[in-house]
Amino acid sequence: MAHDELNMGKIDNSTYKEIKKDKKLQKDTRYGKGKYGHSKHYRNNRLMMTLAILVVIILDVAFSVILFHTRKTVFVIVGCIMAIPFARNLIDFIMSLRAKPLGKEEYEKTCELAKESGRKLLYDVSITEEDGVIYIPCLLVYNNNIICYTPHISGVKDRDRVKKYVSGVNYDEHNYRIFVTEKYSTFEKEVKKIGDASNETLDIDQEIIYRLLSMGF
């Protein structure tokens, strides 16, 4: 794909790999990035992984102490190494606790909006940066627009922060308009007023989506 080759020169290799992985997740999994229920599914997975690794570490150290009556064995080294994935999964779990997905009624309204407008909406989108993480329950990427619905974010400064994070998807001459609202009626209005996109623009939209999903958990 032409856009993939273009982006390889603009983003580092790790981010490019994340974009490729997100393409696969969107196609193959029920709770992949951009799908409703992703944040809850991700949080549960991270919790199970954290607990499983913790149990392995405890058993590893206990085995060393019980069998050799000391912690100075190779088994404890294994436990120390396991502490790295334990910490990573624990941090991911804590970060995912901030996610506030749409309620069932709100989700059903957005489904009707997507059906009526013919636009594909994304759900449970997160973006992580060095200074924090933001969470967008629902958004639309279409025809040079990114329309974000954030019912839990009402302050002007907080909305500006969302815009700042989302603007990271822009590259080269592609400067998408970013609009953030906490009101569903405004979100619905913004979605419906966007005109139809050309096939070329749809390709760029898809690349923006992949870039956006690669920026969070």
| said: Run the side-chain contact (heavy atoms from CB on, under 4.5 Å) test on Ile194 and Leu140 for me, step by step, so that the C-alpha distance in whole Å, both residues' side-chain angles and the decisive distance to 0.1 Å come before the verdict. | reply: CA-CA 10 Å; Ile194 300 175; Leu140 170 71; 3.9 Å; yes
| task | Test side-chain contact (heavy atoms from CB on, under 4.5 Å) on Tyr149 and Val180 and set out the steps. | result | CA-CA 6 Å; Tyr149 176 42; Val180 182; over 6 Å; no
| Would Asp124 and Tyr42 satisfy side-chain contact (heavy atoms from CB on, under 4.5 Å), going step by step from the backbone distance to the final call? | CA-CA 10 Å; Asp124 295 8; Tyr42 180 88; over 6 Å; no
| query | Going through the checks in order, is the side-chain contact (heavy atoms from CB on, under 4.5 Å) test met by Phe187 and Leu121? | reply | CA-CA 12 Å; Phe187 176 70; Leu121 300 178; 4.2 Å; yes
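Rounded to the nearest 0.5 Å, atoms CG (Asp158) and OG1 (Thr150) are 9.0 Å apart. We find the CD1-NZ distance between Ile209 and Lys33 to be 14.0 Å, quoted to the nearest 0.5 Å. Summarising the geometry, atom CG belonging to Asn145 is positioned 8.0 Å from atom CD belonging to Glu190; distances are rounded to the nearest 0.5 Å. Here the CD1-CG distance, from Ile127 to Leu213, works out to 9.5 Å after rounding to the nearest 0.5 Å. Atom CD1 of residue Ile53 and atom CG of residue Asn89 lie 4.5 Å apart, to the nearest 0.5 angstrom. Separation of atoms CG (Leu122) and OG1 (Thr110) is listed at 11.0 Å; rounding is to 0.5 Å.
A 6.0 Å sphere centred on CZ of Arg177 holds more than 12 heavy atoms belonging to other residues, nucleotides or ligands. The environment of Lys109 atom NZ is dense: over 12 non-hydrogen atoms of other residues, nucleotides or ligands sit within 6.0 angstrom. Within 6.0 Å of atom CE in Met82, more than 12 heavy atoms from other residues, nucleotides or ligands are found, so the atom counts as buried in its surroundings.
Taking 4.5 Å as the limit, some side-chain heavy atom of Glu106 sits within range of a side-chain heavy atom of Pro151. Between Phe86 and Val56 the shortest side-chain heavy-atom distance does not fall below 4.5 Å. Looking at heavy atoms from C-beta onward, Val166 lies out of side-chain contact with Lys163 at the 4.5 angstrom threshold.
In the hydrophobic clustering of this structure, Val65 does not group with Leu59; members are Ile, Leu, Val, Met, Phe, Trp, Tyr whose side-chain heavy atoms approach within less than 4.5 Å, directly or through other members. No chain of hydrophobic side-chain contacts below 4.5 Å, direct or via other Ile, Leu, Val, Met, Phe, Trp or Tyr residues, connects Tyr107 to Ile153. Taking hydrophobic clusters as Ile, Leu, Val, Met, Phe, Trp and Tyr residues chained together by side-chain heavy-atom distances below 4.5 Å, Leu51 shares a cluster with Phe93. Under the 4.5 Å side-chain heavy-atom criterion for grouping Ile, Leu, Val, Met, Phe, Trp and Tyr, Val169 is connected to Ile136 within one hydrophobic cluster. A continuous path of Ile, Leu, Val, Met, Phe, Trp and Tyr side chains, each step under 4.5 Å between heavy atoms, connects Val162 with Val125, placing both in one hydrophobic cluster.
Of all non-hydrogen atoms in Asp196 and Tyr142, the two that sit nearest each other are CA-OH, 3.5 Å. Taking each heavy atom of Ala99 and Tyr135 in turn, the nearest pair found is CB-CE1, 3.5 Å. Shortest non-hydrogen contact noted between Ala197 and Leu202 is CB-CD2, 3.9 Å. Between Leu139 and Cys148, the shortest heavy-atom distance links the atoms CB-CA, 3.9 Å.
Under the 30°/60° scheme for interplanar angles, the aromatic rings of His38 and Phe217 are found to lie parallel. The aromatic rings of Tyr123 and Tyr36 stand perpendicular to each other, their planes meeting at an angle above 60°, with 30° marking the opposite boundary.
For the side-chain hydrogen bond (donor to acceptor under 3.5 Å, both in side chains) criterion with Tyr176, the lone passing option out of Asn170, Asp205, Asn143 is Asp205.
Judged by distance alone, with hydrogens and angles left aside, the side-chain atoms of Thr128 form a donor-acceptor pair with the main-chain N or O of Met215 at under 3.5 Å. Without hydrogens or angle criteria, Ser64 side chain to Val61 main chain gives no donor-acceptor distance under 3.5 Å. For the pair Lys192 (side chain) and Glu116 (backbone), a donor-acceptor distance under 3.5 Å is absent.
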